[in-house]
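Let me begin by presenting the structure, written as structure tokens, before commenting on it.
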Amino acid sequence: MIQYLVILLDDTSVSFCHYGNAKKERRLMPLETLKAGILFGMKENLNIQFVYPAYALPEAYDAVIEGIDHVKIMPAATPEGADVLVMNGWKECESWTAGAGVSCVLRLPKAEWFGQAGRVAALLEKTERLNVVLTDVETFTEDDFKAYERSLAEVANLLEKAYMNGKTPQLNLLTDRMMLEQMNNCGAGDTNITLAPDGKFYVCPAFYQAAGGYAIGSLAEGLEIKNAQLYRLDHAPLCRHCDAYQCRRCIWLNRKATLEVNTPGHEQCVAAHLERNASRQLLLAIRKHGTFLPDKREIREIDYLDPFDVRKEW
């Protein structure tokens, strides 16, 4: 059931996930399209999230946007009023400050993460929540998996110290799994859809801004998600049995790696399970210092990293 509508205000609206935005020329959504998109969201009782480009919008657009409850996803270059602030690489973090209640997304390639993961400690001092997105996870090799495991252990150690000092930082890679009791994936095509400047609907921003995407309807003709069941968790043969609840289960990455929207590639699965296992170790470490979460909230030990390897058991 669709609950969220993501509205890309411009072709160059910031990416907040794994995909890179291949569109470089500005193309602001026509004001009438914006109004029609908001009306669609209101009729369907959807939560609306606006994704901004790196330039100020005309005043007429601001007036329309402020007429409805919403969330603003904005790039670090234009952070004023952001609910979610997106930073690309460590360089954009150097002079960054966030207001109270602002969540942050840090997008960076694996080369910038390995060996530098400890730098997130400084960011967690400035924000209540940080989501780290590795933009090239689909290129992970066996050596990369080992490096990723080491980096997660390093950050887990920093988080343990923070919890010992009475702080409760949120970092998607490690703390989400400790709190979750069921899958909390991105939900593209299932719980959320995207409206692009061309007036068409897409599974998510990647299906418009990156190469090889496709539309799933339009404001003029209505929403038409073919084989809609394939975007749901109950039709994902591996994911529906998996307990790496923090995994984004990125639909765009799924299609890119396996040509199936409901089946992740090996790299996405292993990375998610390395995060899961590191979360387990962090939970055990924190509990050595006192009571933390109900005792029943356990992360069991497993002997695999890719659910595909144990599919016959499931």
Side-chain angles (χ1 to χ4, degrees), residues 17-18 109-110 113-115 117 131-157 159-160 170-188 190 229-288 292-314:
C17 196
H18 295 286
K110 62 187 180 184
W113 174 259
F114 298 152
N131 284 358
V132 172
V133 178
L134 298 183
T135 57
D136 52 359
V137 66
E138 73 275 14
T139 69
F140 268 36
T141 65
E142 291 303 316
D143 287 341
D144 291 334
F145 290 139
K146 294 176 183 177
Y148 193 43
E149 185 174 24
R150 290 192 296 269
S151 70
L152 291 171
E154 177 187 359
V155 176
N157 184 54
L159 290 174
E160 179 187 354
Q170 294 183 30
L171 176 64
N172 65 317
L173 302 180
L174 291 170
T175 63
D176 282 8
R177 179 59 184 84
M178 296 193 303
M179 309 295 180
L180 294 170
E181 295 183 296
Q182 61 184 0
M183 278 289 189
N184 185 38
N185 314 132
C186 82
D190 178 23
Q229 73 279 2
L230 295 180
Y231 299 97
R232 301 201 313 259
L233 179 63
D234 60 3
H235 276 68
L238 294 176
C239 302
R240 66 187 181 193
H241 297 288
C242 181
D243 74 341
Y245 298 148
Q246 87 296 336
C247 177
R248 298 311 297 151
R249 200 169 72 87
C250 176
I251 298 299
W252 178 72
L253 276 183
N254 290 356
R255 182 170 177 267
K256 187 176 181 181
T258 68
L259 303 182
E260 299 287 349
V261 296
N262 61 352
T263 305
H266 172 72
E267 295 79 11
Q268 187 176 184
C269 283
V270 173
H273 280 76
L274 290 173
E275 295 161 9
R276 175 207 181 277
N277 292 347
S279 297
R280 178 178 183 273
Q281 294 302 320
L282 175 58
L283 180 59
L284 294 173
I286 293 173
R287 283 179 171 165
K288 292 178 182 178
F292 182 76
L293 294 177
D295 290 339
K296 66 178 182 179
R297 188 77 61 84
E298 303 291 348
I299 303 175
R300 64 187 179 88
E301 188 173 7
I302 56 177
D303 59 3
Y304 62 89
L305 290 176
D306 190 340
F308 186 81
D309 296 335
V310 293
R311 64 193 185 281
K312 293 183 179 179
E313 297 178 19
W314 292 349

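None of these values were measured; they are calculated from a predicted model. The chain is numbered in sequence order, starting from 1.
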Contacts of Gln246 meeting side-chain hydrogen bond (donor to acceptor under 3.5 Å, both in side chains) (sequence neighbours excluded), chain-then-number -> Glu275
Just jot down the salt bridge (Lys or Arg N to Asp or Glu O under 4.0 Å) partners of Glu138, sequence neighbours excluded, or say none.
Lys256
Going by an N to O cut-off under 4.0 Å, is there a salt bridge joining Lys110 and Asp136?
no
From Glu154 atom CD to Glu149 atom CD, the distance as rounded to the nearest 0.5 Å
13.5 Å
Side chain to side chain contact (heavy atoms under 4.5 Å, CB included) between Leu173 and Val155: does it pass, once the steps are laid out?
CA-CA 10 Å; Leu173 302 180; Val155 176; over 6 Å; no
Heavy-atom pair with the smallest gap, counting every atom of Ala271 and Phe140
CB-CE2, 4.5 Å
When rounded to the nearest 0.5 angstrom, what is the spacing between CD in Gln268 and CG in Leu253?
5.0 Å
Heavy-atom side-chain proximity of Cys242 to Arg249 below 4.5 angstrom:
no
Indicate the atoms forming the closest heavy-atom contact of Cys17 with Thr135, along with that distance.
O-CG2, 4.5 Å
Spacing of Asn184 atom CG and Cys247 atom SG [to the nearest 0.5 Å]
10.5 Å
Answer yes or no: is there a donor N or O on one side and an acceptor on the other, between the side chain of Asn254 and the main chain of Val261, under 3.5 Å?
yes
Would you find a donor on one side and an acceptor on the other, under 3.5 Å apart, between the side chain of Arg276 and the backbone of Leu174?
no
Distance from Ile286 atom CD1 to Leu159 atom CG, nearest 0.5 Å?
7.0 Å
Donor-acceptor contact present, side-chain Arg255 to main-chain Glu260, <3.5 Å
no
What heavy-atom pair brings Arg177 and Ser279 nearest, and what distance separates the two atoms?
CB-OG, 3.7 Å
Met183/Asp243 under side chain to side chain contact (heavy atoms under 4.5 Å, CB included): CA gap, chis, key distance, verdict
CA-CA 7 Å; Met183 278 289 189; Asp243 74 341; over 6 Å; no
Using modelled atom types and a 3.5 Å cut-off, is there a donor and acceptor pairing between side-chain atoms of Arg311 and backbone atoms of Phe308?
yes
Side chain to side chain contact (heavy atoms under 4.5 Å, CB included), that's the test. Do Leu305 and Cys269 meet it? Break it down for me.
CA-CA 7 Å; Leu305 290 176; Cys269 283; over 6 Å; no
Per the side-chain hydrogen bond (donor to acceptor under 3.5 Å, both in side chains) rule, what does the pair list look like for residues 300-309, sequence neighbours excluded?
His266-Asp306
Donor-acceptor pair, distance only, cut-off 3.5 Å: does the side chain of His18 make one with the backbone of Leu134?
yes
How long is the span from the CG atom in Leu233 to the CD atom in Gln182, to the nearest 0.5 Å?
9.0 Å
Considering only heavy atoms from C-beta outward, does the side chain of Leu274 approach that of Tyr148 to under 4.5 Å?
yes
Closest non-hydrogen atom pair, Asn262 against Ala236
O-CB, 3.5 Å
Between His273 and Ile302, is there a side-chain heavy-atom distance shorter than 4.5 Å?
yes
Any sub-3.5 Å donor-acceptor pair from Asn172's side-chain atoms to Val132's backbone N or O?
yes
Does Thr258 reach the main-chain N or O of Thr263 with its side chain, forming a donor-acceptor pair under 3.5 Å?
yes
Looking at CG of Asn157 and CG of Leu282, how far apart are the two atoms once the value is rounded to the nearest 0.5 Å?
9.5 Å
Would Trp113 and Asp144 count as a side chain to side chain contact (heavy atoms under 4.5 Å, CB included) if you check the C-alpha gap in whole Å, the side-chain angles of each, and the deciding distance to 0.1 Å?
CA-CA 11 Å; Trp113 174 259; Asp144 291 334; over 6 Å; no
